[in-house]
2 protein chains.
Amino acid sequence: MRVSRIQAEENRQTVIDVASRLFREHGFDGIGLKDLMKGAGLTQGAFYKQFQSKDDLAAQASRRALESAFGRWSAAADPQDPLGAVIAFYLSMGHRADRTDGCPVVALGSDAARQGADVKASFEAGIRKYLEMLGPWVGEADAEEPGGKAMAILSTMVGAVLLARAVNDERLSKRFLQAGAESVQRESSAGRAKQGRRK
Amino acid sequence: MRVSRIQAEENRQTVIDVASRLFREHGFDGIGLKDLMKGAGLTQGAFYKQFQSKDDLAAQASRRALESAFGRWSAAADPQDPLGAVIAFYLSMGHRADRTDGCPVVALGSDAARQGADVKASFEAGIRKYLEMLGPWVGEADAEEPGGKAMAILSTMVGAVLLARAVNDERLSKRFLQAGAESVQRESSAGRAKQGRRK
DNA sequence: ATTATCTATAGATCTATAGATAATGC
DNA sequence: ATTATCTATAGATCTATAGATAATGC
């Protein structure tokens, strides 16, 4: 029954990956350890050799989910128009429909607010990375502290997808995504104009 | 043990009120029927004479929560500068700290996305009311369909509070709220300028 | 000898239902 | 007679732990 240390570490990573997706789909309270472990091909009994508690896994899975989402932004951002490219997939009906692999801030933001400091630390680290990436795109210098324009734009993007998911009417959802995209474009081009970098 | 019909109806309303607050605090999956009923001074056994299921209560409590939040907007909105007044409390550290009585879209938006059509219908109705109220404040005519500017502004407000709650660092939270407020003011004054109503 | 995973289980809690009780409503 | 609420419980599920097993690592 025992497996090698390498295999055990691989299993641990698989559990974190699976949890990062299943938590986004069902919420932290919406799925149990049994189903999380089953998703990784293991049984519930193996859990506590790998993690301290369900909260511990929630923190690690949140970190993993944010990293994965950041990777998507990096991959999508083509050099010509990185913000436009990110907006195109973030503010889309595809993203609205795909909680499992979508942005964890939207999928779990309300849940994260009820969690402990560890889960919030994972979110905070991921959110800071988003802001660092957004800053230069909207005409803000690389700075220690994130800029207000990047923060407002991220808020608009997150809010638009959250609202698009909270309603039944798909036409209304589309309008939230579209309105968000237009607003972000306005805000960002105003920023770049100030720097004399309007395209 | 039996109470009058009037008392029974009062009890029902109390359960809905209590649930609208406790769901915002703990999430739909984070609190059970026993504690919900205890909050209204009843026992769990009385639940199913009043509601079809927990989902049924979730839909009714969501409706109640949105109505209550809309009431707060109406109360806060002074005629001189209604948007400014709403922003002042919505994008505040007080609102960040008070999930229980705060905006249900922020407190339960991620959860609502996982719920059935009834809960989403409650959210949709409430969100449409928010938009109807916002429209005229940002220079949009009263129309059948909500305007894009109001939708973008609501997205920014919701997103800013969601992000402010998902991080540990209070300074970062404040900056999200501040950045959201400034962005909304920019967007709305641009709207009013177009209509020649700049103050 | 150590240990990663398994099966089994403790003890709590969850939603929902059943039957008893006592007050209302006719 | 009806019924709003109560106590009690069914049956499922939850997190966490205990002990068995079998392969690894020394």
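So you know, we letter chains A, B, ... as the sequences are listed, proteins then strands, and number each from 1.
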Short N/O separations, protein against nucleotides 9-13 of chain C, under 3.5 angstrom:
none

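- Between A:M37 and B:Y48, the one whose closest nucleotide on DNA chain C sits nearer the 5' end is A:M37.
- Side-chain polar atoms of A:T156 and B:T156 form a donor-acceptor pair below 3.5 angstrom.
- Looking at every heavy atom in both residues, A:F123 comes nearest to A:P104 through CE2-O, 3.6 Å.
- Ring planes of A:H95 and A:Y90: perpendicular class, angle over 60° (limits at 30 and 60°).
- Using a 3.5 Å distance cut-off with no hydrogens or angles, the side chains of A:T100 and A:R21 do not pair a donor with an acceptor.
- For the 3.5 Å distance criterion, the side chains of B:S92 and B:R96 fail to qualify, holding no donor opposite an acceptor.
- Annotated stems with DNA chain D as a participant read C:1-24 with D:1-24, given as range with range, by first number; only runs of 3 or more Watson-Crick or G-U pairs under 3.5 Å qualify.
- One atom, CG of A:L36, and another, P of D:dT15, lie 8 Å apart when rounded to the nearest Å.
- Side chains of B:Q13 and B:D17: no donor on one and acceptor on the other come within 3.5 Å.
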Nucleic acid footprint by protein, nucleotides 20-26 of chain D - heavy-atom cut-off 4.0 Å, B for base, S for sugar-phosphate alone: -BBBBSS

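- Summarising the geometry, the separation between CD on B:Q50 and C1' on D:dA4 is reported as 8 Å, rounded to the nearest angstrom.
- In this structure, B:E9 places its CD atom 10 Å from P of D:dT5, rounding to the nearest Å.
- Side-chain nitrogen and oxygen atoms of A:T43 include at least one within less than 4.0 Å of the OP1 or OP2 phosphate oxygen of C:dC6.
- Distance alone, capped at 3.5 Å, places no donor-acceptor pair between the A:R128 side chain and the A:E145 backbone.
- For the pair A:F47 CZ and D:dT15 C1', the interatomic distance rounds to 9 Å; values are reported in whole Å.
- Crowding of B:Q115 atom CD: a count of heavy atoms from other residues, nucleotides or ligands under 6.0 Å exceeding 12.
- As judged by a 4.0 angstrom heavy-atom cut-off over every strand, A:G32 is placed among residues touching the sugar-phosphate backbone only.
- Note: CG (B:D56) to C1' (C:dA16) measures 14 Å, nearest angstrom.
- If you measure from atom NE2 of B:H26 to atom P of D:dC14, you get 20 Å, rounded to the nearest angstrom.
- A salt bridge links B:E187 and A:R186; the closest N-O separation between the charged side-chain nitrogens and carboxylate oxygens is under 4.0 Å.
- Considering all non-hydrogen atoms of both residues, A:S122 and A:S62 come closest at CB-CB, 3.8 Å.
- Whole-Å rounding puts the A:L57 CG to D:dC14 P distance at 14 Å.
- Atoms CG (A:L33) and P (D:dT15) sit 4 Å apart, rounded to a whole Å.
- Across B:M133 and B:F70, no two heavy atoms sit closer than the pair CE-CZ, 3.5 Å.
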